[in-house]
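Right, one structure below, let's go through it.
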Amino acid sequence: MLRVRFAPSPTGYLHIGSARTFIFNWLYARRNGGTMVLRLDDTDIERNTQASIDSIFDGLNWLNLSWDEFYRQSDRLDLHRAAAARILDQGLAYRDFTPATDSNAEEKAFDGPAWRSNPGQREMSKQDSDARAAAGEPFVIRFRVPRDPGRTVTFNDSVYGEQTKACEDIEDFALLRSNGMPTYHLASCADDADLRISHIIRGQDHLTNTFKHVLIFQALDAAVPQFAHLPLLIAPDGAKLSKRKHGPVVSVTTYRDAGFLPHSYVNFLCLLGWSPKDNREQMTRQEIVDIFSFEGINRSNAVVNFTETDPIDPKALWLNSQHLRSLPVAEILPAVTATLIAAGLAPLADPAHYARVVDLIRARYTTLLDFATKGRPYFAADFPIEPAALEKLDVPGARELLRDLAARLEADPVFTEATVEQHLRALATERGVKAGVLINGSRAALTGQAVGPSAFHLFTAAGRERSIARLKAVSR
RNA sequence: GGCGCCAUCGUCUAAGGGUUAGGACGGAGCCCUCUCAAGGCUCUAAUAGGGGUUCGAAUCCCCUUGGCGCUACCA
């Protein structure tokens with residue numbers, strides 16, 4: 001039974017790196033008929049926030065990502081404590097009565113010889129240990145890392161290959177804090193074992209932690225899961241992406257608010273650190289599910305290419321524009337409608353006509369937001385006349401020609417692209433002007449923009465009455 | 001400091017001993033054309049450095065350099 005999990009700690013907004021980790025887990029589960037578990041690793045009570053939990057759900061929901069089972073680590077503390085007790089009872093862990101000091105943590109990590117354990121604690125007799133614990137003295141439970149010379153821990157990573165580390169390079173890490181709360185390592189492994197997680201797919205920042213985890217799984221007498229570590233997402237300066245340092249680029253909601261289609265962002269994230277190896281880039285979700293495998297995952301970190309002036313990776317934008325213009329219109333319509341409504345606009349009443357108009361303009365847009373900004377003239381009665389459009393209208397004789405065109409359209413009950421074109425070209429020929437004057441003038445009159453779709457399409461997009469009215473409006 | 005991981009165009013990547021080192025984004029240009037897009041075409045730009053192994057290395061090995069990660073009673 002294949003089971004994977006995504007286990008975020010709710011201490012901040014849903015990070016794009018976390019979202020990608022979810023996606024890879026999800027893809028692997030869907031690809032292989034497995035079960036996707038979502039587990040909140042919320043043992044760090046001080047740093048957890050409800051806002052963060054909301055952000056995780058919001059982000060995942062927006063991206064259209066689903067899971068099959070849900071757990072909270074804080075509901076499972078008894079399990080973690082029992083696991084710690086079991087390891088302790090076997091003699092595979094020991095109590096460390098050294099008082100916690102917050103000052104020496106970094107010092108012992110960076111100065112002098114590497115710290116392995118506190119003197120006198122690991123070697124303490126069971127009697128002394130039990131007695132001191134019974135007397136109420138606080139302690140932390142540490143894993144008793146094997147110290148036999150030459151002893152190593154090994155596992156085979158699906159991405160990074162065989163990994164081996166000497167036990168002498170692994171410190172006696174904590175399992176249970178003196179306040180009775182499990183550490184991340186213990187809680188994570190105890191839960192993974194209990195939930196029978198078969199594959200752990202997570203960020204490469206856990207690669208070296210994995211040796212400790214293998215030790216815990218073995219101490220728990222549990223099957224060691226298969227590991228697959230993912231290369232990290234980093235900033236252009238090479239640093240790990242962080243909210244504090246890089247701002248909104250790390251948050252999934254930024255891309256939602258920037259007008260991305262959920263799937264196009266998923267598509268983009270997939271391409272960071274993974275490749276289908278056949279030059280495909282724009283893919284449907286099903287295509288990605290069908291082709292996803294660990295073989296396509298890279299080992300080097302991937303840069304999210306943003307700048308101070310432009311917080312969004314140009315490739316993400318390009319991918320979004322590709323999806324926007326190539327998906328069946330019906331599939332993007334709900335998102336377009338939501339965007340319009342959010343901007344105080346309304347979709348067109350006639351669904352078929354609405355779909356045609358969206359189809360007409362979408363090839364020029366890169367995000368959903370464009371429908372409400374550049375697309376305003378298609379959905380609103382009032383819109384600005386851009387300077388460039390004004391120039392088209394101020395071509396000598398243009399306004400008079402547009403007035404006359406309005407008259408001819410008004411006189412003809414038939415109103416199609418073909419009839420509009422006939423009238424327009426006939427008028428131009430009669431007056432001895434280039435059709436472009438009328439064509440560009442019409443575009444300027446109908447949309448207030450100098451650029452856009454073919455003018456003849458614009459007439460049918462606006463409809464007979466509105467077209468005539470707008471031509472008249474600019475010819476006064 | 002110790003241990004580990006990584007290293008192809010600016011960015012995402014392909015090529016896992018033999019290719020003019022391929023594709024995409026970005027940038028530049030051309031074509032198309034009623035404008036702008038789209039689309040098509042062209043150009044731009046890379047194997048970090050040094051040693052090996054081999055008839056032949058982007059590819060295998062070693063060293064150097066650089067980047068990242070872990071080294072907490074954080075996760």
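Numbered from 1 within each chain, the chains take letters A, B, ... in sequence-line order.
Salt bridge status for Arg122(A) with Asp96(A): absent, with no side-chain N to carboxylate O gap under 4.0 Å. A salt bridge links Lys315(A) with Glu281(A): the distance from a Lys NZ or Arg NE/NH1/NH2 to an Asp or Glu carboxylate oxygen falls below 4.0 Å. Ion pairing between a basic and an acidic side chain is recognised when a charged N comes within 4.0 Å of a carboxylate O; Glu123(A) and Arg144(A) show no such pairing. Taking 4.0 Å as the cut-off between side-chain N and carboxylate O, Asp394(A) and Lys392(A) do not count as a salt-bridged pair. Under the 4.0 Å criterion applied to side-chain N and carboxylate O atoms, Arg364(A) and Asp370(A) are not assigned as salt-bridge partners. Ion pair Arg280(A)/Asp278(A) flagged as a salt bridge, since at least one NZ, NE, NH1 or NH2 atom sits closer than 4.0 Å to an Asp/Glu carboxylate oxygen. Between Asp191(A) and Arg5(A), none of the side-chain N atoms (NZ, or NE/NH1/NH2) sits under 4.0 Å from a carboxylate O, so this pair counts as no salt bridge.
Less than 4.0 Å separates RNA chain B from at least one heavy atom of each of the following residues of residues 356-376 of chain A: Ala363(A), Arg364(A). For RNA chain B, the neighbouring residues in residues 233-241 of chain A, judged by any heavy atom under 4.0 Å, are Gly238(A), Lys240(A). Residues from residues 273-282 of chain A placing a heavy atom under 4.0 Å of any atom in RNA chain B, listed by number, are Gly273(A), Ser275(A), Lys277(A), Asn279(A), Glu281(A). RNA chain B lies under 4.0 Å from at least one heavy atom of each of the following residues of residues 429-445 of chain A: Ile439(A), Asn440(A), Arg443(A).
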- Task: Could you walk me through whether Phe155(A) and Glu162(A) pass side chain to side chain contact (heavy atoms under 4.5 Å, CB included), step by step?
- Result: CA-CA 6 Å; Phe155(A) 66 94; Glu162(A) 188 179 285; over 6 Å; no
- Please report the C-alpha distance between Gln73(A) and Arg39(A) in whole Å, then the side-chain angles of each, then the deciding distance to 0.1 Å, and finally whether the side chain to side chain contact (heavy atoms under 4.5 Å, CB included) criterion is met. CA-CA 7 Å; Gln73(A) 254 183 357; Arg39(A) 188 183 73 214; 3.7 Å; yes
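With Phe268(A) as reference, Leu319(A) is the one residue of Leu317(A), Ile16(A), Leu319(A) to meet the side-chain contact (heavy atoms from CB on, under 4.5 Å) rule. Between Glu171(A) and the options Arg147(A), Lys212(A), Arg142(A), a salt bridge (charged side-chain N to carboxylate O under 4.0 Å, His left out) holds for only Lys212(A). Checking each of Phe211(A), Phe217(A), Phe173(A) against Phe143(A) for a ring pair (Phe, Tyr, Trp, His ring centres under 6.0 Å) leaves exactly one that passes, namely Phe173(A).
As the counterpart of rG1(B), rU71(B) is assigned, both hydrogen-bonding distances of the Watson-Crick or G-U wobble pattern falling under 3.5 Å. rG18(B) and rC55(B) make up a base pair, with Watson-Crick or G-U wobble contacts both under 3.5 Å.
Each of rC12(B), rA75(B), rC3(B) was ranked by its minimum atom distance to the side chain of Val303(A); first place goes to rC12(B). Taking only side-chain atoms of His185(A), from C-beta outward, the nucleotide of rG2(B), rA75(B), rU35(B) with the closest atom is rA75(B). Distances were taken from every side-chain heavy atom of Val451(A) (C-beta onward) to each of rC36(B), rA75(B), rC34(B); the shortest belongs to rC36(B). The side chain of Leu207(A) lies closest to rG4(B), out of rG4(B), rC12(B), rA75(B). Here the side chain of Lys315(A) is nearest to one of rA24(B), rC73(B), rC34(B), namely rA24(B).
Among the heavy atoms of the strands lying under 4.0 Å from Asp41(A) are primed sugar atoms or P, OP1, OP2 only; no base atom is included. Nucleic acid contact for Phe456(A): base, since at least one base atom lies under 4.0 Å from a heavy atom of the residue. Looking at heavy-atom distances under 4.0 Å, Ser300(A) makes contact with sugar-phosphate atoms alone, never a base. As judged by a 4.0 angstrom heavy-atom cut-off over every strand, Gln163(A) is placed among residues touching the sugar-phosphate backbone only.
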- Can you check each nucleotide of nucleotides 41-50 of chain B against protein heavy atoms at under 4.0 Å and return B for base, S for sugar-phosphate only, - for none, in 5' to 3' order? ----------
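We find that CD of Glu168(A) is positioned 15 Å from C1' of rU71(B), with the value rounded to whole Å. In this structure, Leu458(A) atom CG and rC34(B) atom P are separated by 15 Å, rounded to whole Å. Rounded to an integer number of Å, the gap from Phe143(A) CZ to rA72(B) P is 17 Å. Nucleotide rA24(B) holds its P atom 16 Å from the CG atom of Asn267(A), rounded to whole Å. Per the geometry, NZ belonging to Lys245(A) stands 8 Å off P belonging to rC68(B), to the nearest Å. Straight-line distance from the CG atom of Leu317(A) to the C1' atom of rA38(B): 16 Å, rounded to whole Å.
A tilted orientation is assigned to the rings of Trp67(A) and Phe57(A), their planes being inclined by 30° to 60°.
Under the 6.0 Å cut-off for aromatic ring centres, Tyr378(A) and Phe383(A) do not qualify, their centroids lying 6.0 Å or more apart.
Here the separation of rC43(B) from rU20(B), taken at their C1' atoms, is 16 Å to the nearest Å. Nucleotides rG10(B) and rG49(B) have their P atoms positioned 13 Å apart, rounded to a whole Å.
Judged as a side-chain hydrogen bond (donor to acceptor under 3.5 Å, both in side chains), and not counting sequence neighbours, the contacts of His229(A) are Asp157(A), Arg202(A), Thr210(A).
Between the side chain of Thr183(A) and the base of rC73(B), no donor-acceptor pair under 3.5 Å is found.
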